[in-house]
Amino acid sequence: MSDSIDTRTPLQLSHLPAQFIGREAEQDALTEAFGVDEDSRLQNYHVYGRRGTGKTHLLQRFLTTFPPTFTTCYVSGVRHDTQYKALERLYQLLTGTSLGTGHHVADIQRKIKDQITLPTVVVVDEVDFLLLNDGDDLLYYLTRLENTAVITVSANRSTLEDAVDDRTYSTFQPQLLTLNDYTTNEARQILADRARKALQPQSLERAALTYITETTQNIAIAVTWLREAAETAENQVTQSLAQEVEVAAYHKYVRTLLHRFTTHHRRLYNTISRLEQVEQPPFTTGTVYREYSERCETAGVASLSERRISDFLTHLELLDLIEATYHRGGSRGKTREIRRVNWNSRPGSEETG
DNA sequence: CGTCCACCGGAAAATAGGGAGG
DNA sequence: CCTCCCTATTTTCCGGTGGACG
């Protein structure tokens, strides 16, 4: 990497740009709905948008707009995928002390309730992972707290109406906010804005940006890709360089996504990748599992049960890393047909599919 | 109409650990 | 330290599914 290229903060995924390109309308909608500046109107929201559409940034930014007369909490359903973990996290945010494991859920619920004195906004990001476990009970509890607004965030469900109990939804009743995919134009502006702050003016070829943002509108992928290219570049990020590092960049994106999961999740994903190099997808669950077990054996690691791996496949599906068509029965039995998701939206650039 | 495929996915149990009170 | 209550992770168990095929 050359000295003329600065790949620090603006090209990190966690970087919150000063200007939030392309989501002004959604930001205004939330601000207005909550009446942050005037009389506050707490209300529940469900925010939906595919991966890399700025949901997390939108809400983290939104939470910072509240004055100190509010309490705001951000909880990730990936890191806190059970009611207990989410509540423990919430308690930690409210009091600064962590409880550890071993307590009664009802006790923590009571403690949290006692802590809530100011109007409180709780963002539950990646809510789908909670809903795989007992997230329903969490939402039931949260939506029944007084003086509290709940904002759920999902990359998979545009509504939670049929994902939670009626008793939960009846008090939840969220406003719906959908973030559409960025256009290639918006994606290019966002990337250009970050590049401008991180890179020397001449070190980025315009065509490289165009190539990246026409390939993917997922900003998380695009930023990872640009950073990968910048780190590889001698002195300029060109289109051909972007093409060269395309696969490596996507792998890097996958690694960051799977970072918070177990080694078995990563091994499972790698198993499917390798299967695709040998054989035409899709693969049934059994095929994937047998291959996974073999890889475990080769690595000298105990393999998890098929039941467990079935759940992990669902995780990969929620992460939009694989897609599965479900067969509820029939001649081929009850199974899933699994293939990796093709990240690139260029028509006909790979084999037909 | 019965059987079979090839898992799904719910439920319970096994295992390993923590916290509070006596 | 013991007991009894929790949680977390994973395994074991098993009924259920719905087209094809005999």
Side-chain angles (χ1 to χ4, degrees), chain A residues 75-115 124 126-142 156-157 162-166 168 258-269 271-272 275 279-297 299-319 322-339:
Chain A
V75 180
S76 163
V78 167
R79 299 188 59 172
H80 313 282
D81 63 348
T82 64
Q83 175 176 212
Y84 188 96
K85 289 180 193 166
L87 289 173
E88 207 251 332
R89 158 80 171 165
L90 215 46
Y91 185 82
Q92 191 187 353
L93 287 172
L94 290 171
T95 66
T97 59
S98 74
L99 289 166
T101 179
H103 299 278
H104 299 210
V105 162
D107 284 352
I108 304 183
Q109 288 179 335
R110 191 176 30 75
K111 284 181 177 174
I112 289 174
K113 192 176 180 179
D114 292 344
Q115 286 297 322
V124 183
E126 302 275 18
V127 69
D128 306 80
F129 289 90
L130 269 155
L131 292 175
L132 289 178
N133 303 314
D134 54 357
D136 200 320
D137 296 330
L138 174 74
L139 293 183
Y140 182 81
Y141 163 75
L142 287 179
N156 306 282
R157 293 185 163 94
D162 38 45
V164 300
D165 275 6
D166 291 343
T168 302
L258 290 180
H259 185 244
R260 308 251 170 243
F261 291 81
T262 70
T263 56
H264 287 284
H265 285 92
R266 292 187 279 276
R267 197 188 307 278
L268 184 59
Y269 178 81
T271 296
I272 299 167
L275 270 175
E279 208 179 316
Q280 189 70 17
F283 313 107
T284 62
T285 304
T287 307
V288 171
Y289 181 72
R290 281 184 290 276
E291 182 71 17
Y292 155 83
S293 295
E294 258 177 55
R295 295 203 72 189
C296 283
E297 202 170 338
V301 176
S303 61
L304 298 179
S305 67
E306 183 161 10
R307 179 69 188 82
R308 192 79 183 115
I309 289 304
S310 172
D311 283 344
F312 284 14
L313 283 170
T314 306
H315 296 160
L316 296 184
E317 203 183 337
L318 286 178
L319 290 173
I322 64 172
E323 57 191 9
T325 47
Y326 286 70
H327 295 277
R328 305 177 153 278
S331 56
R332 279 174 293 187
K334 190 178 188 178
T335 186
R336 274 178 276 191
E337 288 194 326
I338 296 155
R339 47 159 50 90

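Just so it is clear: chains get the letters A, B, ... in the order the sequence lines come, proteins before strands, and each one is counted from 1.
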Can you identify which nucleotide, out of [options], has its nearest atom closest to the [X] side chain?
| X | options | value |
| --- | --- | --- |
| His103(A) | dG19(C), dG19(B), dA8(C) | dG19(B) |
| Thr335(A) | dT7(C), dA20(C), dC7(B) | dC7(B) |
| His104(A) | dA8(C), dC5(C), dT10(C) | dC5(C) |
| Lys334(A) | dT17(C), dT10(C), dG19(B) | dT17(C) |
| Phe312(A) | dC6(C), dA8(C), dT10(C) | dT10(C) |
| Thr285(A) | dT10(C), dT7(C), dC7(B) | dC7(B) |

In whole angstroms, how far is the [atom2] atom of [N] from the [atom1] atom of [X]?
| X | N | atom1 | atom2 | result |
| --- | --- | --- | --- | --- |
| Phe261(A) | dT10(C) | CZ | C1' | 17 Å |
| Asp136(A) | dG10(B) | CG | C1' | 16 Å |
| His327(A) | dA6(B) | NE2 | C1' | 11 Å |
| Ile309(A) | dG9(B) | CD1 | P | 15 Å |
| Lys85(A) | dC6(C) | NZ | P | 19 Å |
| Asp134(A) | dA11(B) | CG | C1' | 15 Å |
| Gln83(A) | dA8(C) | CD | C1' | 14 Å |
| Leu132(A) | dT9(C) | CG | C1' | 15 Å |

Exercise. Where do Leu94(A) and Gln115(A) come nearest, in terms of heavy atoms and distance?
Worked result: CD1-CB, 4.1 Å
Need one value for [X]: base, sugar-phosphate or nothing, where a base atom within 4.0 Å counts as base even if backbone is also close, heavy atoms only.
| X | answer |
| --- | --- |
| Ser303(A) | sugar-phosphate |
| Arg308(A) | base |
| Gly286(A) | sugar-phosphate |

Exercise. Is Leu87(A) close to Tyr141(A) at the side-chain level, that is, under 4.5 Å between some pair of heavy atoms?
Worked result: yes
If the cut-off is 4.0 Å, is [X] near the phosphate of [N], judged by side-chain N/O to OP1 or OP2?
| X | N | result |
| --- | --- | --- |
| Ser310(A) | dC8(B) | yes |
| Thr101(A) | dT7(C) | no |
| Thr284(A) | dC7(B) | yes |

Exercise. Are Phe129(A) and Phe261(A) close enough that their ring centres sit under 6.0 Å apart?
Worked result: yes
Problem set entry | Candidate pair Asn133(A) and Thr82(A), rule side-chain hydrogen bond (donor to acceptor under 3.5 Å, both in side chains), full reasoning | CA-CA 6 Å; Asn133(A) 303 314; Thr82(A) 64; over 6 Å; no
For this session: Report yes or no: is there a donor-acceptor pair, N or O only, under 3.5 Å between the side chain of Arg336(A) and the base of dG9(B)?
Result: no
Seminar exercise, completed: Taking for Gly102(A) and for Asp81(A) the nucleotide of DNA chain C with the nearest heavy atom, the one nearer the 5' end belongs to Gly102(A)
Exercise. How far apart are the C-alpha atoms of His264(A) and Tyr292(A), what are their side-chain angles, what is the distance that settles it, and do they pass the side-chain hydrogen bond (donor to acceptor under 3.5 Å, both in side chains) test?
Worked result: CA-CA 9 Å; His264(A) 287 284; Tyr292(A) 155 83; 2.7 Å; yes
For this session: Could you walk me through whether Arg339(A) and Ile272(A) pass the side chain to side chain contact (heavy atoms under 4.5 Å, CB included) test, one step at a time?
Result: CA-CA 8 Å; Arg339(A) 47 159 50 90; Ile272(A) 299 167; over 6 Å; no
Problem set entry | Pairwise 5' ranking along DNA chain B for Arg307(A) and Thr287(A), keeping only the more 5' one | Thr287(A)
